[in-house]
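Single-structure report; data block below.
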Amino acid sequence: MMYFETKITEASIECLKELYSADVSPDSINIQKTKKEFTGDFTLPVFPFVKLSRKSPEQTAEEIGKALKEKLDFIESYNIIKGFLNLSLSHQIWIDFLHKGVQNPDYGNTSATSANQPILIEFSSPNTNKPLHLGHVRNNLLGDAVSRIIEANGNKVVRVNLVNDRGIHICKSMLAHQKFGKDETPQSTGMKGDKLVGKYYVAFDKQYKTEIEELINQGKSKEDAEKQAPILLEAQQMLRLWEEGDKDIRKLWQNMNQWVYEGFEQTYNNLGITFDRVYYESETYLLGKEIVKEGLAKKVFYQHPDGSIRVDLKEEGLDEKILLRSDGTSVYITQDLGTAVLRAKEYHPQQMIYVVGNEQNYHFDVLKRILYDKLSYDWAKRIYHLSYGMVELPSGKMKSREGTVVDADDLMDEMIRIAKQKTKELGKNDFNDEELNGLARMIGIGALKYFMLKVDPKKNMLFNPEESIDLNGNTAPFIQYTHARICSLLRKAGVNTLELPTHHIDVIPEADKEILSMLYEYPATLKQAASELNPSLLANFAYELVKAYNRFYQDTPVLKETNENLRHFRLQLSAFTASVLRKAMNLLGIDLPEKM
RNA sequence: GCCCCUAUAGUUCAACGGAUAGAACGAAAGUUUCCUAAACUUUAAAUCCAAGUUCGAUUCUUGGUGGGGGUACCA
């Protein structure tokens, strides 16, 4: 793949040296795509160089344009508007680009460099006390898409999941099941395991609130009531018993977690998500505790008079942080310390990415500081928190305990149902049942994934359950439909587009050219998506490409084009478009149908 | 209180410091003897406020205002 921008930049530096004896850094050469309303392919704003030339922007642009045209044979012409130098490339180089691109199955990808250490990426990281909701969906889709994007950029990826399978939150579900559960199981109730366990988490919270209220009525302060509610004390006792290895508690814990895993498995399958390595907090928290003790021995941590172990990060601009409770049980960050050390040892990754919501920004600051500054692990500087925004409802934040969540399974089912209904409404009858179900799935899940991934990860996003996710406009089905139309076109053409001869066409029409130049942008878009860990760039790219193609399709004949060279050119252009769409969307985990 | 993030059409989202801020939904009006109308075309509609840096600021800096998050012996 040739990068015209690079060549133009290099040539521009030479020109500036020859014309004005000036040494200019590549940074000040800002080659951009020419805007649609002007003639040209690439544009160089020359304002930064008028100081060197001591001439007007127009004159400066003229001099640079003339010199560039002489230097670069692929520049056919140029024009100047104000201080903008617009360069047009030759038709032939664009035709060559199409020819090479359409035949290159790896177009846009960077070939793998096997020597590199893997990039480790943690995502999903569920708690086992409740089912997955829309917030987790964003996390999973983001982690999966980022993994794919990094792979396409030539890096090895290890997808890891960290299951928070122990802790006070699970004890709450367990306790509620013991108290109110009547020995219910997924089998006896027919409920999905994670849903059943989630039910008890809510039951716990209900009882907890009742007890708090009673205590307040007895004259306790709200704060004391929250700390002294009997059911909470029981849960804390249960956690201590769990950490001591109490047989009955461990048995119940194993059973209930198993139910949850079976439920999660279904959800992951539906989302099309897999992992290479699953860590369980129950397997790493002891290592975490050891690390805390080592830190204590090395005096980088200290024991508070109340018995808890803490770290002082005031010098690092943060605060004190508790690492071990006064009763000796571990907290959230304890296991994260252990897990991080274990991972570093197992994989020696070149980078450790954590896909975790922005509500935990502070937590990751602290984690990194402890590992790097306090414990002097050099690899800890390669920890990167991919912090994404919350999914909000019109009523505000989702809260599991209060039941204001959008359940992941329900939402997927609903999306598939709507897609199926829409397909029928549109009178698409040439599908058998199996095909119809497959298509509805592709569309429904695709729409959901696209909806979540088209938004810049770091921004909060809003989901309105009243309005189901759109299937029109800037959506996956819009892109899928265009792909299906192209496939139909190619089927009818009855030729192998890859084997078509080189075309000689006099001019590339405007609409054709627009698509071509967008296809040219794909590799740079992919690179940017990888370096910014931002899948939304690919979503927006695919959308823009489809907009342009639909405009083209609307009023440009392809099969009916009588000029054979032009017809072949357009078939290849269409085939290349379909192929790039598949690539971009596949990196988002979205499949495209050949018929819809 | 302190810290971080954020602010763009009625709504949901775009825009490496570059030209006339771009889409979608919603609203209004159109397009099918022609390769799939889940499409296309047209109209109305926005940079929170105030300074600063710059040839040029939605973008960078400072101050203010609004929204979100964090600051737990929760995760």
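In what follows, chains carry the letters A, B, and so on, assigned in the order in which the sequence lines appear, proteins first and then strands, with residues in each chain numbered from 1.
Distance check on atom C1': B/A21 versus B/A37 gives 31 Å, rounded to whole Å.
Residue pairs satisfying the salt bridge (charged side-chain N to carboxylate O under 4.0 Å, His left out) criterion with at least one member in residues 451-460 of chain A, sequence neighbours excluded, are listed as follows: A/Asp456-A/Lys458.
For A/Lys33, the side chain to side chain donor-acceptor pair (under 3.5 Å) criterion is met by A/Ser517, not counting sequence neighbours. Here A/Arg570 pairs with A/Asp512, A/Glu561 under the salt bridge (Lys or Arg N to Asp or Glu O under 4.0 Å) rule; sequence neighbours left out. With sequence neighbours excluded, the residues that form a side chain to side chain donor-acceptor pair (under 3.5 Å) with A/Asn550 are A/Thr482, A/Arg485. Here A/His136 pairs with A/His133 under the ring-ring contact (aromatic ring centres under 6.0 Å, His included) rule; sequence neighbours left out. The side chain to side chain contact (heavy atoms under 4.5 Å, CB included) check on A/Arg310 picks up A/Tyr302, A/His304, A/Asp306, A/Ser308, A/Glu320, A/Ile322, with sequence neighbours excluded. Judged as a ring-ring contact (aromatic ring centres under 6.0 Å, His included), and not counting sequence neighbours, the contacts of A/Tyr200 are A/His177.
Phosphate contact (OP1/OP2 of B/U36, side-chain N/O of A/Lys492, threshold under 4.0 Å): present. Between A/Arg551 and B/U41 there is a side-chain N or O to OP1 or OP2 distance below 4.0 Å. Contact check, A/Tyr362 against B/G70: no side-chain N or O comes under 4.0 Å of OP1 or OP2. In this structure, A/Lys227 does not reach the B/A72 phosphate: none of its side-chain N or O atoms is under 4.0 Å from OP1 or OP2.
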For nucleotides 13-15 of chain B, list the nitrogen or oxygen atoms of the protein found under 3.5 Å from its nitrogen or oxygen atoms, one pair per line.
from  : atom 1 : to       : atom 2 : distance (Å)
B/C13 : OP1    : A/Leu462 : N      : 3.2
B/A14 : OP1    : A/Asp456 : N      : 2.7
B/A14 : OP2    : A/Lys459 : NZ     : 3.2

Kindly give the atom pairs (protein nitrogen or oxygen, nucleotide nitrogen or oxygen) under 3.5 Å for nucleotides 73-75 of chain B.
from  : atom 1 : to       : atom 2 : distance (Å)
B/C73 : O3'    : A/Arg325 : NE     : 3.1
B/C73 : O2     : A/Ser326 : N      : 3.3
B/C73 : O2     : A/Ser326 : OG     : 3.2
B/C73 : N3     : A/Ser326 : OG     : 2.5
B/C73 : N4     : A/Asp306 : OD1    : 3.4
B/C73 : N4     : A/Asp306 : OD2    : 2.3
B/C74 : OP2    : A/Arg325 : NE     : 2.5
B/C74 : OP2    : A/Arg325 : NH2    : 2.3
B/A75 : OP1    : A/Arg325 : NH2    : 3.2
B/A75 : OP2    : A/Tyr332 : N      : 3.1
B/A75 : O2'    : A/Asn127 : OD1    : 3.3
B/A75 : O2'    : A/Asn127 : ND2    : 2.9

Contacts under 3.5 Å, N or O only, protein and nucleotides 29-33 of chain B:
none

Table of protein N/O atoms under 3.5 Å from nucleotides 52-58 of chain B N/O atoms:
none

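Ranked by how close their nearest RNA chain B nucleotide is to the 5' end, A/Thr43 and A/Lys560 are led by A/Thr43. Comparing A/Thr34 and A/Leu439 against RNA chain B, the residue whose closest nucleotide sits nearer the 5' end is A/Thr34.
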Take A/His363 and A/Asp336 through the test side chain to side chain contact (heavy atoms under 4.5 Å, CB included) and record every step on the way to the result.
CA-CA 10 Å; A/His363 171 80; A/Asp336 248 339; 2.9 Å; yes
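One atom, CD of A/Gln421, and another, P of B/A38, lie 16 Å apart when rounded to the nearest Å. Nucleotide B/A38 holds its C1' atom 13 Å from the OH atom of A/Tyr543, rounded to whole Å.
Residue A/Asp27 is classed as having no contact, given no heavy-atom separation below 4.0 Å to the nucleic acid.
Between A/Phe431 atom CZ and A/Leu436 atom CG the span is 7.5 Å, to the nearest 0.5 Å.
Of the candidate nucleotides B/G69, B/A37, B/A19, B/A37 has the atom nearest to the side chain of A/Tyr553. Checking B/C35, B/U36, B/G70 against every side-chain atom of A/Lys428, the shortest atom distance belongs to B/U36.
Nearest heavy atoms, A/Asp165 versus A/Glu281: OD1-N, 3.3 Å.
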Show me the dot-bracket string of RNA chain B, counting Watson-Crick or G-U pairs under 3.5 Å, with | for pairs to another strand and [ ] for crossing ones.
(((((((..((((....[...)))).(((((.......)))))....(((((..]....))))))))))))....
